[in-house]
Trainee: 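I'd like to ask you about the structure that follows.
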Amino acid sequence: DTGVSQDPRHKITKRGQNVTFRCDPISEHNRLYWYRQTLGQGPEFLTYFQNEAQLEKSRLLSDRFSAERPKGSFSTLEIQRTEQGDSAMYLCASSSKATTEAFFGQGTRLTVV
Amino acid sequence: GENVEQHPSTLSVQEGDSAVIKCTYSDSASNYFPWYKQELGKGPQLIIDIRSNVGEKKDQRIAVTLNKTAKHFSLHITETQPEDSAVYFCAASSQPGGSYIPTFGRGTSLIVHP
């Protein structure tokens, strides 16, 4: 297993377009987290899954954002009608039920022009 | 919710010197404190962590201390090397419902001059 994988690594989109990111967690990790990171800031929590259930959502996650983890394995994060303020690095992390350590992927850098 | 403050925002040291990064947290229920290192263009990498039942933990040149009473914890790097240059983040989390969702500080940019 090579760790948490995110795709794509970079995405440039025009304002108003929809984008979707994918995260493949470490095998057998049942917990999956999405974070957003802007330049010079720490990662900010967006949402959390345990298996396929979305258990927590941040107030940062507006109605334009939706996340799924349909089979409890990979997850997708969709942003509808993108705005320039959505430009950021979107990070995915996973952890197992047995431990508390969260391991991050390389992130998807979104630029909205 | 949890609030994590981290200082300094930038730290510049000479190779071989020690570096110390300090964090405070607000939620007394927090019981897990990881530290992450992030290099340019990469995701954060876990480098060390400490749980609330331990006051200090060491791994080679890196150590972390925790003062639960004062709600602060620190990262100590000894004998710094140029490859230690990166942004370091502290985080705090508790286990409501088993989620352990980390709340991060704003980061410290460590620059080690050769």
Side-chain angles (χ1 to χ4, degrees), chain A residues 2-10 21 23-26 29-51 53-61 88-111, chain B residues 1-10 21 23-25 27 29-54 57 59 64 75 86-110:
Chain A
T2 55
V4 178
S5 178
Q6 292 188 245
D7 183 71
R9 292 292 310 279
H10 304 276
F21 310 140
C23 171
D24 286 273
I26 294 171
H29 276 193
N30 66 329
R31 298 173 180 163
L32 188 146
Y33 313 81
W34 284 99
Y35 282 80
R36 181 175 70 186
Q37 185 179 27
T38 52
L39 199 62
Q41 302 293 319
E44 296 174 295
F45 170 72
L46 292 178
T47 190
Y48 159 71
F49 289 86
Q50 184 166 306
N51 299 313
Q54 187 174 20
L55 297 185
E56 293 197 39
K57 292 168 63 174
S58 163
R59 281 170 289 182
L60 290 175
L61 212 66
M89 174 80 88
Y90 289 84
L91 294 163
C92 176
S94 70
S95 67
S96 72
K97 188 177 182 180
T99 65
T100 49
E101 295 90 346
F103 296 92
F104 281 84
Q106 299 279 48
T108 294
R109 179 165 295 284
L110 172 67
T111 303
Chain B
E2 176 64 273
N3 182 49
V4 177
E5 298 285 340
Q6 182 172 348
H7 300 279
S9 57
T10 306
I21 302 170
C23 291
T24 60
Y25 62 99
D27 189 352
S30 288
N31 55 9
Y32 174 65
F33 307 91
W35 285 87
Y36 288 84
K37 175 183 180 182
Q38 187 173 29
E39 297 175 336
L40 198 62
K42 298 185 177 181
Q45 178 188 7
L46 180 68
I47 56 172
I48 195 168
D49 57 17
I50 190 167
R51 288 172 172 75
S52 58
N53 58 345
V54 175
K57 183 177 179 180
D59 183 4
V64 59
L75 177 71
V87 180
Y88 290 81
F89 293 98
C90 62
S93 69
S94 58
Q95 196 183 10
S99 62
Y100 274 109
I101 299 171
T103 299
F104 285 81
R106 294 183 64 173
T108 296
S109 178
L110 175 63

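The analysis underlying the following values was restricted to heavy atoms, covering all of them including side chains, and did not include hydrogens, waters or symmetry mates.
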Trainee: Taking all non-hydrogen atoms of both residues, which atom of A:Gln37 and which atom of B:Phe89 are closest, and how far apart?
Mentor: NE2-CZ, 3.3 Å
Trainee: Using 0.5 Å steps for rounding, measure from the OH atom of A:Tyr33 to the OG atom of B:Ser93.
Mentor: 7.5 Å
Trainee: Quick one: of B:Pro44, B:Gly41, B:Ser109, who has the most non-hydrogen atom pairs under 4.5 Å with chain A?
Mentor: B:Pro44
Trainee: For the interface with chain B, which of A:Cys92, A:Gly42, A:Gly107, A:Pro43 has the highest count of heavy-atom pairs at distances below 4.5 Å?
Mentor: A:Pro43
Trainee: Could you grab the distance from atom OG of A:Ser58 to atom CD1 of B:Ile101, nearest 0.5 Å is fine?
Mentor: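 Here the rounded value is 9.5 Å.
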Trainee: Return the CD to OH distance between A:Glu101 and B:Tyr36, rounded to the nearest 0.5 Å.
Mentor: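 Reported value, rounded in 0.5 Å steps: 8.0 Å.
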Trainee: Is chain A contacted by the side chain of B:Pro34, its backbone, both, or neither, given a heavy-atom distance below 4.5 Å?
Mentor: neither
Trainee: Are the side chain of A:Gln106 and the backbone N or O of B:Gly43 linked by a donor-acceptor pair below 3.5 Å?
Mentor: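 A pair under 3.5 Å: yes.
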Trainee: State the CZ-OG1 distance between A:Phe45 and B:Thr103, to the nearest 0.5 angstrom.
Mentor: 9.0 Å
Trainee: For B:Gln38, is it the side chain, the backbone, both or neither that has a heavy atom under 4.5 Å from a heavy atom of chain A?
Mentor: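 Side chain only.
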Trainee: With a 4.5 angstrom heavy-atom cut-off, is it the side chain or the backbone of A:Arg109 that approaches chain B, or both, or neither?
Mentor: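 Neither part; nothing is under 4.5 Å.
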